[in-house]
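Contents: one structure, followed by commentary.
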Protein chains: 2
Amino acid sequence: MEFLPGPSVVELKLEEVLAALADPVRLRMVGLLAVTDTERSCSPAGFPVELHKSTLSHHFKVLRAAGLTRTRLEGRNRFVRLRREDLQERFPGLLDAVLAAIGPAEPPTGSR
Amino acid sequence: MEFLPGPSVVELKLEEVLAALADPVRLRMVGLLAVTDTERSCSPAGFPVELHKSTLSHHFKVLRAAGLTRTRLEGRNRFVRLRREDLQERFPGLLDAVLAAIGPAEPPTGSR
DNA sequence: CTCACTGTTTGACGATCATCCAACAATTCC
DNA sequence: GGAATTGTTGGATGATCGTCAAACAGTGAG
């Protein structure tokens, strides 16, 4: 099981976490990840946002570099999930407050 | 008693609050304001940051526009304070978590 | 081995940001 | 009334950001 590198718990920086969350696209991605609190494929099916795949890749990288998410490799697929425990340990209550403020995100089952 | 205009509680936007906090200078300003949780003069004496006064003015404006602070006018002086209750009402736990994450800020009495 | 798929990287582009400088504005002091 | 004080504003500057397009890279399927 292989993961892409990211900061350890003690390396998490408040400013980077806040900066990563201060973008509407990434805030929505975090909200979607929080819905099931499990891994989610990086594919457009997993994140219904109308952006170029390179833009999504950029945002995934920012979230990972800030330490908000962990990315696992499986063949040519990437799976990403929130680092809720790590963030809770480093900045207690921060992510929960942000997720509560986001409000109910749309469920992953999309019946439009 | 006259205040500069700012958003009402319901007008507070999560992304703007996070964006305002995602800057190291503003994060420090918020931390300093939280120390005494009272009004603080906008003068350089109240905020020991080595920046141009127009830059401080810019940051005060961003904090106020995001709804993090309220600014009161008194002659040619400005006094600013955190809107802790408003932020707690709108985004429960968010500001407390941020302030806890900032850690102990230096006390306002400066005996270097 | 080639092609398809999933993502990443690089560069270009326009927009936004933080900073400083100079000028300006309102208030206070003498 | 003029000077000083406290801030604000506009503009310039360089840096950063989000976006897309094209090219690239690793893995899987046939």
Side-chain angles (χ1 to χ4, degrees), chain A residues 1-6 13-33 39-81, chain B residues 1-6 13-33 39-81:
Chain A
M1 188 171 288
E2 185 178 0
F3 293 94
L4 290 177
K13 295 191 183 66
L14 180 63
E15 287 158 30
E16 287 190 32
V17 170
L18 293 172
L21 292 170
D23 176 83
V25 170
R26 294 195 292 272
L27 200 57
R28 186 170 173 196
M29 291 164 86
V30 167
L32 286 167
L33 286 169
E39 268 186 344
R40 194 180 274 239
S41 170
C42 288
S43 71
F47 290 85
V49 288
E50 304 296 315
L51 288 170
H52 202 276
K53 61 178 180 173
S54 59
T55 308
L56 286 180
S57 188
H58 158 74
H59 284 305
F60 279 125
K61 188 169 182 175
V62 173
L63 287 174
R64 178 163 55 86
L68 276 150
T69 59
R70 164 178 287 121
T71 304
R72 179 176 65 86
L73 306 179
E74 187 182 294
R76 61 190 181 203
N77 301 109
R78 304 298 173 87
F79 296 92
V80 62
R81 70 180 296 163
Chain B
M1 186 173 288
E2 187 179 359
F3 293 94
L4 290 177
K13 295 190 182 69
L14 180 63
E15 287 158 32
E16 286 189 33
V17 170
L18 292 172
L21 292 169
D23 177 85
V25 170
R26 292 195 292 272
L27 200 57
R28 188 169 170 198
M29 291 163 87
V30 167
L32 286 166
L33 286 168
E39 268 187 343
R40 191 178 276 240
S41 169
C42 289
S43 70
F47 289 87
V49 288
E50 305 297 317
L51 289 171
H52 202 275
K53 61 178 180 174
S54 60
T55 307
L56 286 180
S57 187
H58 158 74
H59 284 304
F60 280 124
K61 187 170 185 176
V62 173
L63 286 174
R64 177 164 56 85
L68 277 149
T69 57
R70 163 178 287 121
T71 303
R72 181 175 64 85
L73 305 180
E74 187 182 293
R76 64 188 174 205
N77 301 111
R78 303 298 174 87
F79 296 92
V80 63
R81 71 180 296 165

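Below, read A as the first sequence line, B as the second, and so on, with proteins coming before strands; counting in each chain starts at 1.
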Atom pairs under 3.5 Å: protein N/O with N/O of nucleotides 21-25 of chain C:
from, atom 1, to, atom 2, distance (Å)
C:dC21, N4, B:Ser54, OG, 2.8

Review item, nucleotides 11-13 of chain D N/O atoms under 3.5 Å of protein N/O:
none

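If you measure from atom CG of B:Leu4 to atom P of C:dA26, you get 14 Å, rounded to the nearest angstrom. Remark: C1' of C:dC5 and CG of A:Asn77 are 9 Å apart, rounded to the nearest angstrom. What separates CG of B:Leu63 from P of C:dC17 is a distance of 14 Å, to the nearest Å. Taking atom CE of residue B:Met29 and atom C1' of nucleotide C:dA18, one finds them 13 Å apart after rounding to whole Å. Residue B:Arg78 contributes atom CZ, which lies 18 Å from atom P of D:dT5 at whole-angstrom precision. B:Arg72 places its CZ atom 15 Å from the C1' atom of D:dT6, with the value rounded to the nearest Å. Protein atom CD of B:Glu50 is 15 Å distant from nucleotide atom C1' of C:dC20, rounded to whole Å. Remark: P of D:dG28 and CD of A:Glu74 are 9 Å apart, rounded to the nearest angstrom.
Atom-to-atom distance recorded for A:Glu50:CD and A:Leu56:CG is 9.5 Å, nearest 0.5 angstrom. Separating the CD atom in B:Glu2 from the CG atom in B:Leu73 is a distance of 5.0 Å, to the nearest 0.5 Å. From A:His59, atom NE2 reaches atom CE of A:Met29 across 7.0 Å, with rounding to the nearest 0.5 Å.
In this structure, the side chain of A:Arg28 engages the main chain of A:Pro48 through a donor-acceptor pair within 3.5 Å. Formation of a donor-acceptor pair under 3.5 Å by the B:Arg40 side chain with backbone atoms of B:Leu33 is not found in this model.
Which of C:dC29, C:dT8, D:dG18 sits closest to the side chain of A:His59 comes down to D:dG18. For B:Val25, whose side chain is taken as the heavy atoms from C-beta onward, the closest listed nucleotide among D:dT8, C:dT19, C:dG7 is C:dT19. Comparing C:dC5, C:dC20, D:dT6 by their nearest atom to the side chain of B:Leu51 picks out C:dC20.
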Give the intermediate values and the outcome of side chain to side chain contact (heavy atoms under 4.5 Å, CB included) for residues A:Phe60 and A:Val80.
CA-CA 8 Å; A:Phe60 279 125; A:Val80 62; 3.8 Å; yes

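Applying the salt bridge (Lys or Arg N to Asp or Glu O under 4.0 Å) test to A:Arg81 and every residue at least two apart in sequence or in another chain returns nothing.
With contacts defined as side-chain heavy-atom distances shorter than 4.5 Å, the pair A:Leu27/B:Leu18 qualifies. Residues B:Phe47 and B:Leu32 are in side-chain contact: their nearest non-hydrogen atoms beyond the backbone lie under 4.5 Å apart.
When each of B:Leu56 and A:Gly75 is assigned the nucleotide of DNA chain D with its nearest heavy atom, B:Leu56 is the one assigned upstream, toward the 5' end.
The residue B:His58 sits close to a base: some heavy atom pair falls under 4.0 Å.
Residue A:Arg76 places none of its side-chain N or O atoms closer than 4.0 Å to OP1 or OP2 of D:dA25.
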